[in-house]
Amino acid sequence: MGGSSSKGRGFWPFASGSSGGDSSSSAAAAAANGGSEHGLARFRLSRPGVTPFVFTRKSSMFFDEDGDLAHEFYEETFFTKNGRKKAKLKRISKNLIPQGMVKLDHPRIHVDFPVVLCEV
C-alpha cells in the first residue's frame, strides 16, 4: 500500500535522504557530523538552494468590476412584500478576479519543515 507514495520515492520537498533518492550523500554527511545532524544542516545538505522559509502566499481577496478589493462583495436589492418596500443584500460571486500571490511582511517557516523549534 505504501509503495506508490511520493515520500518513498524522494519527491517530497523535505524528505530525508534515507527515504529515497540519493542516500549516499546524506550518509556521508551524517558520518562527517559524527552521526548526529542538525535538522537545518540536514535539510540544506539534502536540498541545496532550497530554503525552509515561505515568502509569498495566495491571497483570499478579490477585485470586482470597479477595481475594489475585498473578501466578499454584496449588492443591495429592493423588492416589495405586502405593499412595503424591503431591501436585501445579495452576495456577488461572478465577475470577480482573484488578487493572486501576495508577499508576506515577515518570512514564515514552511509547514513541512522537519525541525523541532522549541523543546519543552
Partners passing side chain to side chain donor-acceptor pair (under 3.5 Å) against S59 (at least two apart in sequence or in another chain):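 Partners of S59 by the side chain to side chain donor-acceptor pair (under 3.5 Å) criterion, ordered by chain and then number, come out as Q99.
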
Sorted by first residue and then second, give each salt bridge (Lys or Arg N to Asp or Glu O under 4.0 Å) pair with at least one member in residues 52-66; sequence neighbours left out.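 Every candidate salt bridge (Lys or Arg N to Asp or Glu O under 4.0 Å) pair involving residues 52-66 fails, so no pair, neighbours aside, qualifies.
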
To which residues is [X] joined in a hydrophobic cluster, defined by side-chain heavy-atom contacts under 4.5 Å among Ile, Leu, Val, Met, Phe, Trp and Tyr, whether direct or through other members?
X	answer
F73	F62, I92, L96
V54	L104
F78	none

Closest heavy-atom contact between T56 and K103?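 T56 and K103 have their closest heavy atoms at CG2-CA, 4.2 Å.
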
Would you name the heavy atoms of F79 and A87 that are closest together and state the gap between them?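 For F79 versus A87, the nearest heavy atoms are CE2-C, 4.3 Å.
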
About how many Å separate CZ of R108 and CZ of F53, when rounded to the nearest 0.5 Å?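 Between atom CZ of F53 and atom CZ of R108 there are 12.0 Å.
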
Not counting sequence neighbours, list each pair that qualifies as a side-chain hydrogen bond (donor to acceptor under 3.5 Å, both in side chains) and has a residue in residues 73-86.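 Output for this query lists E72-Y74.
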
